[in-house]
Amino acid sequence: MKGLINILHSDRSLQLGVIIISVICLFSILGPLLSPYHYNTQNLSESFQRPSWSHPLGTDFFGRDLLTRLMYGGRITLTVAFSATLFAVIIGTIVGLASGFIGGWLDRILMRLVDILLGFPKLFVILLLVGMGYTSLGLVVTFLALFSWMEIARIVRSDVWVAKEQLYVKSAEALGLRRRRIIFRHILPNITGPLIVSTVLLISSLILIESSLSFLGLGVQPPNASWGTILNEGRVDPVGAWWISVFSGIIIVTCVIGFNLIGDGLRNILDPKTGKKT
Amino acid sequence: MKSLFYFCLICAILLIYSCDGGKKVSRRSTSEFNPIKIVNGGTLVVGIRAEPESLNPLLALSQTSRNIISLVFRRLADINEDLRTFTPVLAKNWTFSPDSLSITFNLKTDVLWHDGMPFSAADIVFTYQMQTDPAIGWDGISFKETIRSVDALDDSTVVFLFHRKSPAMLMDAVEGYILPEHILASVSSEDMHKAEFNRRPVGTGPFKFQGWKDQQTITLVRNNSYYETGKPHLDRIIFKVVPDNINLLSQLKSGEVDLVESLYPRDFQALSAKWEQGQSNIRPVSYLGRRYDFIGWNLIDPDHYRQKLKQEDNSLPIEDYILPNRFFGSRKVRSALTMALDREALTNAVNYGMAIPMHGPVPLILNAYNEAANVHWPYDPQQALRILSEEGWSDTDKDGILDKDGIPFEFELITESGNTRWEQAATIIQDQLAKIGVHVSPRLVEPALLYGKLLPLKEFDAVLIGWVVGLTMDYAPLFHSSSFFTPFHFTGYYSSKYDSLDDASKKSFNPAVIQKYYDEIAGLLSHDLPYTWLYYRQECSAIHVRFKNVTIDKRGMFINPEDWWVPVKERSRIDKLFEG
Amino acid sequence: MQFNSPPLLEVKDLCISYRKGGISSSIKGPVCAVKGVSFSVKPGETYAIVGESGSGKTSIAMSVIGFLRPLTGTIFFMNKNIWELDRSGLRRLRSNIQPVFQNSGASLNPRMSAGKIISEAFHAIVDEHEKEKALIDLLRSVGLDREILRRFPHELSGGQKQRLNIARALALKPRLIILDEPLSSQDLSTRAQLIHLLSSFKKAYLLSYILISHNLSLVRLISDRIAIMKQGVFIEEGATEQIINNPSNNYTKVLIEASNIKNVKTG
C-alpha cells in the first residue's frame with residue numbers, strides 16, 4: 001500500500017490521471033445511485049431543457065436528465081472498454097509470448113495473422129454485422145477484443161525477443177527448467193512494464209472506438225446508453241441542444257486523457273530507459 | 001391498381017405534380033390577384049440535399065428530380081384541386097367519343113420545344129410509346145394499361161382509344177410529361193438510361209435547362225418562347241446541392257438559398273418563431289405531406305410461418321400458415337396496446353408539432369379521407385390494462401411485466417436505423433408501454449435487412465416504419481389475402497370481409513359508392529388494427545419573402561412557378577449577379 | 001590429478017557462425033566466430049580458453065551449453081552429441097553442464113528473490129524438507145548467509161551475486177561448469193575468495209571447469225590446461241606451466257608479457 005502511494009507520488013501525470021479516472025469511475029458507479037432521476041424515465045414535457053439547477057447538464061429529447069444518463073452510460077462504456085481490453089491483453093500476451101519465445105514457423109504464422117488483422121477492413125466487418133442485425137453488447141466486446149490484441153502481441157513479442165536473450169533466462173534454461181516455467185516466471189514478470197502501459201493506452205483507445213461503433217449502430221440499443229450513443233443523440237440538434245454533444249464529448253475526452261496520463265506516468269516509472277526505476 | 005379504388009391512390013401521386021387551385025391563387029389566372037405591376041427578373045435558388053438522379057421524366061424517381069422536371073416539361077392537362085376535373089395545358093381542349101371509348105385531344109399549335117422545334121401530335125404518340133415500353137420501365141406504366149392505342153390524326157389532333165370504359169380514362173390519358181420525339185427517337189429503349197437527354201432535358205415548360213455542374217448546381221433559365229405570353233417572370237432557377245443540413249439552414253438564413261423543401265420540423269419551428277417575431281424574411285410554409293408512420297403488428301407466429309414456408313407446398317391454404325401470434329394474434333390485445341399509447345404526445349414530440357395523429361388507414365391528403373369513418377381508440381391505459389387482463393395477461397410473478405401462461409409480455413419493436421424520428425418514436429413507445437407492464441425492446445435494423453428479410457419473411461414481432469403515399473400505396477398489397485406472401489403484406493392480416501370490400505370497391509364506377517366502400521374499409525381496418533397508425537406528417541418548407549405570388553401547399557412546391565416574381569427594390573445580391 | 005580417464009567433453013572441428021538471425025543477419029555470408037576448434041576436457045580438469053574479447057571464446061561456451069547451434073563440428077558430452085538430442089534429452093543433459101556468467105547481476109532474475117532463485121535450481125527435489133536442507137548446505141558452502149535469501153538481486157553486493165550464481169550452478173551437482181569471465185567484474189579480495197571457492201569445489205565434487213578469460217594471471221592459478229585463442233582459432237594449447245613458461249607462439253608471448261606474470265614463479 002505504502003509502495004503504491006510512493007509510486008503515485010513519483011509521477012505527476014500518473015497522479016493526475018489516477019485522480020481523473022477515479023473520479024469518473026466513482027461518478028459512473030455511484031452517480032446513478034445518488035441521482036434523483038432514473039436514467040431511463042422519460043418526461044416529454046421537459047424535452048431539451050437547458051442546463052439548470054434541477055438538471056445541471058440539461059435534458060435530452062425525451063426529457064431525461066443528461067447527467068444521470070452520462071453517469072449510467074459511463075458504466076456501459078467503461079465495462080465495454082475494460083472487458084474488451086482484458087480479452088485483448090490475454091489474447092495478445094499469449095500470442096506474443098508464443099511468437100516471441102518459440103519463434104520459427106509459429107512466429108511467422110502468428111505475425112502474418114497480426115499483419116492481416118491489422119490491415120483488415122474493420123468498417124466492413126462492422127457494417128456486415130450491423131447489416132445482419134447483430135448488434136449486441138457482447139458482440140461489441142468480442143469485436144473490439146478481436147481487433148485490438150495485435151498491438152499488444154507485437155509489443156509482447158518484441159519484449160520477449162529481448163528478454164529471452166537475457167542471461168538470467170539463459171541460466172534458467174541451463175538449469176533445465178520447463179519452458180512454461182521460464183515463460184511465466186522469468187520472462188513474463190520482466191515485460192509487465194510495457195504491457196501495463198499499452199494496456200492502459202488500449203483502454204483509452206477502446207473508449208473512443210466504442211463511441212464510434214455506437215455511431216454506426218453497433219452496441220447498446222435504445223433506451224440504454226453509452227457515452228457514444230449519447231454523443232450520437234446530440235446530432236439531432238447540435239446547435240439548439242448543444243449541451244448533449246458538448247457534455248458527452250467532454251466526458252469522453254476527459255476519460256481518454258485520464259487513461260493516457262496514467263499510461264504516460266506508468267511508462268515513465270516502469271521503463272528504465274526513459275525514467276526513474278523503482 | 002386498375003379499378004375505381006385506385007382513383008384515390010392515384011390522387012396522391014398526382015399531387016406531386018402541379019394541379020389547380022389553392023386558397024389564394026388559381027393557377028393560370030393570377031393577373032387579377034395583384035394590383036401591382038408585375039416585373040420580370042430575379043433568381044430563385046433552391047437548396048437541395050442531393051443531386052437528382054435524372055432529369056428524364058421516364059426515369060426520375062426522387063422528389064428533387066420530379067420538382068425540376070415539373071419546371072421543364074408539360075403535360076397534356078393538369079388535374080385540378082377537386083382531383084376530378086382537369087385544366088388544359090398542352091391540349092387546347094378534348095372531346096369524348098359517343099361510345100365513351102376514346103378521347104380526342106386538340107393540341108395547342110403555338111408551343112415550341114426549348115430548342116425551337118415545334119411541338120406536335122407526333123410527340124404525344126411518341127411519348128405514349130416510350131411510357132409503355134417495358135425496357136424503359138417508367139414507374140407510371142400502370143396508368144397506361146387501359147389504353148389500346150394513341151394515334152395522331154394530324155399535327156394538332158390526337159386520339160386515345162381505350163379497351164374499356166372507366167372513370168379514370170382522362171387521368172390515364174394525360175398522365176406523364178410529354179417528351180420531344182425529334183430528340184429521343186434516335187435513342188433506343190435500352191440506351192435510354194444513359195441518354196445525354198437525362199442530363200440535358202429539352203421540354204416545353206416555363207423554364208429551360210441551361211447547365212448542370214456536378215454535385216454543385218443545376219441551372220434553369222426563363223423560356224422566352226413559353227406559350228403563355230409574358231410568363232414566366234423569374235430569370236432563372238438554380239438548384240444548389242447542399243448535403244449538410246446545418247449548412248443548408250445557414251445558407252437559407254443568409255440568403256444564399258431562397259427555397260428549401262422538407263425541412264426538419266425542429267428547424268422549421270425555429271424559423272417560424274423568428275418569422276412570427278418579424279425577425280426573419282424566410283417565410284415558413286407547412287402543408288400536408290405524403291408520409292405517415294405506424295406500428296405494424298405481426299398477427300401470426302413467425303416460427304410457424306417459417307416452417308410452413310419451408311414445406312414449399314403451394315397447395316396449402318393460407319389458413320394453414322396462420323397460427324395466431326402469442327401477443328398480437330388477438331385483436332383485443334392490439335386494441336389495448338393502441339389505447340396504451342399517448343398518440344398525441346408521441347406525435348408532438350417526434351414531429352415537434354408538425355404532424356397530425358392518425359387513427360385509420362386513409363392518408364389525410366386524399367379526397368377519400370373521412371375521419372368519421374375511423375374507429376377511434378382513445379388514450380386510456382387503465383382500460384388497456386383491463387382488456388389485457390380479460391385476455392389473460394396479468395403480472396402474476398410481480399416482476400412488473402405482464403405474463404400469461406408463464407410467458408412475459410416482452411417483444412422487439414424493430415425500426416430502421418439511421419432514422420432519428422423512428423428511433424425516438426420507438427423509445428417513447430417503449431416508455432409508454434412499460435407503464436402498463438409491457439416490455440418493449442427497440443431494435444434498430446439496417447434498411448436492407450429490414451425490408452429485404454425481416455418484413456418479407458414476417459420474422460419480427462412489431463415494426464415501426466412509415467409509408468409514402470404514392471404509386472405503391474394501395475391497400476391490396478398491404479392487407480388483401482391475394483398478396484399474403486408478398487413483401488408489403490408483412491402483418492399476416494387475413495380477413496375475408498376486407499377482401500370482399502376491397503374487391504367490391506374496385507368493381508364500382510360510382511364515386512359515392514366507392515366512398516362508401518372506402519369508409520367501410522377504413523372502419524374495418526381501424527377496428528382490426530393490423531397497424532396502429534401513429535401520425536400523418538406535415539411537410540415543412542420555407543421560401544424567401546421577396547418572391548411574390550407564390551403558392552406552395554399540399555400539392556407541392558412548384559404549383560405556379562411561372563407566376564412567381566420579385567419586386568425590383570427587393571432584389572438581392574444573387575438576383576443582381578446575373579443582371580450584368 | 002587423474003587425466004587418463006575418457007574425456008567428459010569432446011569438441012571436434014567446431015565452426016560457429018552468426019549468419020542466421022540476430023543482429024548480423026544483414027551481413028552477407030557467414031561471419032565465422034569460431035573456425036575448426038577441437039579440444040577435450042577430462043573429468044576433474046580445469047580447461048582454460050584465453051583470448052581477447054571477440055576471439056570467439058564465449059561462442060564456444062554458448063555452443064557447449066546448447067544455446068548456440070554450431071555450423072559444423074560435433075560436441076560430445078558424456079558420450080552424447082548434444083546437438084543431436086531432442087529437447088527433453090537436451091534438458092536432462094543440461095543439469096550436468098552449468099554456466100556462470102561474467103555479469104553476475106544480469107544472470108539473476110531481477111523480479112525473483114535470492115531464495116527463489118536458488119530453490120528453483122533444486123527443481124528436481126520434490127520433498128520440501130530435503131530441499132530446505134540442501135539449500136542451507138549449499139549456501140553455507142558458498143559462504144552466503146541465510147539472511148540474503150529474502151533479498152532481491154539489486155540488494156546484493158557483486159560478490160554475493162556471483163556466489164549466488166555459483167551456488168545455483170552447483171545446486172544440480174553438475175559435471176562441468178563453464179565459467180565465462182566469472183571474476184572480471186569483481187574486486188580483488190572477492191576474486192581471491194571466489195578462486196578459493198572454485199578450487200575447493202573442484203576437489204570436493206570432481207568437477208570439471210571450462211574457464212573462459214582474457215586474464216592469464218587468473219587462469220594460471222586454477223587451470224590445468226590452457227588454449228590460446230585468436231580470431232576464432234586455437235593458436236596454442238598445452239599444460240598451463242608449459243604455455244606460461246615456454247610459449248611457442250608469438251601472440252602467446254605477447255599475452256604473457258601483457259599480464260606480467262612471467263616472473264611470478266609458482267610451484
Side-chain angles (χ1 to χ4, degrees), chain A residues 37-50 59-65 69 123-137 139-140 213-226 228-242 244-245, chain B residues 244-247 249-250 253 264-271 273 342 344-353 412-435 439-454 459-460 464:
Chain A
Y37 305 100
H38 186 255
Y39 73 94
N40 213 3
T41 300
Q42 301 182 4
N43 185 352
L44 292 178
S45 62
E46 292 198 350
S47 176
F48 285 137
Q49 300 269 301
R50 288 173 173 280
T59 63
D60 68 0
F61 172 81
F62 301 100
R64 300 174 296 200
D65 182 56
R69 279 184 75 71
L123 192 66
F124 174 75
V125 179
I126 297 170
L127 294 178
L128 200 70
L129 285 173
V130 173
M132 291 190 301
Y134 300 115
T135 53
S136 78
L137 211 53
L139 200 76
V140 175
L213 288 188
S214 307
F215 243 79
L216 294 168
L218 187 65
V220 285
Q221 298 286 302
N224 298 329
S226 69
T229 54
I230 297 174
L231 185 68
N232 199 6
E233 283 164 16
R235 260 193 333 173
V236 173
D237 188 359
V239 183
W242 52 268
I244 296 176
S245 335
Chain B
D244 176 62
N245 186 55
I246 294 175
N247 201 351
L249 266 182
S250 68
K253 287 173 192 163
Y264 292 124
R266 191 170 160 77
D267 300 332
F268 180 82
Q269 293 287 29
L271 284 174
D342 186 352
E344 192 84 34
L346 171 77
T347 300
N348 284 327
V350 300
N351 296 293
Y352 300 90
E412 271 187 352
L413 176 61
I414 56 174
T415 189
E416 188 184 316
S417 64
N419 184 315
T420 311
R421 187 181 66 254
W422 290 342
E423 287 176 20
Q424 289 171 341
T427 310
I428 291 174
I429 288 163
Q430 189 247 3
D431 192 59
Q432 292 183 348
L433 292 186
K435 286 174 183 154
H439 183 81
V440 185
S441 308
R443 183 177 150 211
L444 313 179
V445 185
E446 282 290 296
L449 179 68
L450 183 64
Y451 303 112
K453 178 161 179 260
L454 298 184
E459 282 182 16
F460 70 101
L464 193 159

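Each chain gets a letter, A, B and so on, in the order the sequences are listed, and its residues count up from 1. Everything numeric in this text was worked out from a predicted model, so none of it was measured.
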Does the A/Q42 side chain pair with the main chain of B/T427, one donor and one acceptor, at a distance under 3.5 Å?
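It does hold such a pair.
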Nearest 0.5 angstrom please: B/E423 CD to A/T229 OG1, how far?
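Going from CD on B/E423 over to OG1 on A/T229, the span is 10.5 Å.
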Distance in Å, A/D60 CG paired with B/Q424 CD, rounded so as to fall on 0.5 Å steps
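So the CG of A/D60 and the CD of B/Q424 are separated by 9.0 Å.
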Which of parallel (below 30°), tilted (30 to 60°) and perpendicular (above 60°) describes B/Y352 and A/F48?
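Because their plane-to-plane angle is under 30°, the rings of B/Y352 and A/F48 count as parallel.
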At a heavy-atom separation under 4.5 Å, does B/A349 approach chain A through its side chain, its backbone, both, or neither?
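The answer is both parts of B/A349.
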Heavy-atom distances under 4.5 Å only: say whether B/R266 touches chain A with side chain, backbone, both or neither.
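Side chain only.
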Contact summary for A/N40 and B/D431, nearest pair of heavy atoms
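Scanning both residues, the minimum pair turns out to be O-OD1, 3.8 Å.
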Which heavy atom of A/F61 sits nearest a heavy atom of B/V350, and at what distance?
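Taking A/F61 first and B/V350 second, the nearest heavy atoms are CZ-CA, 3.8 Å.
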Quick check for you: among B/L444, B/D267, B/T420, B/N245, which has the greatest number of heavy-atom pairs under 4.5 Å with chain A?
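Sorted descending by pairs with chain A, the first entry is B/L444.
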Which one wins on heavy-atom pair count under 4.5 Å against chain A: B/I246, B/I414, B/L449, B/N348?
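Result: the option with the highest number of such pairs is B/L449.
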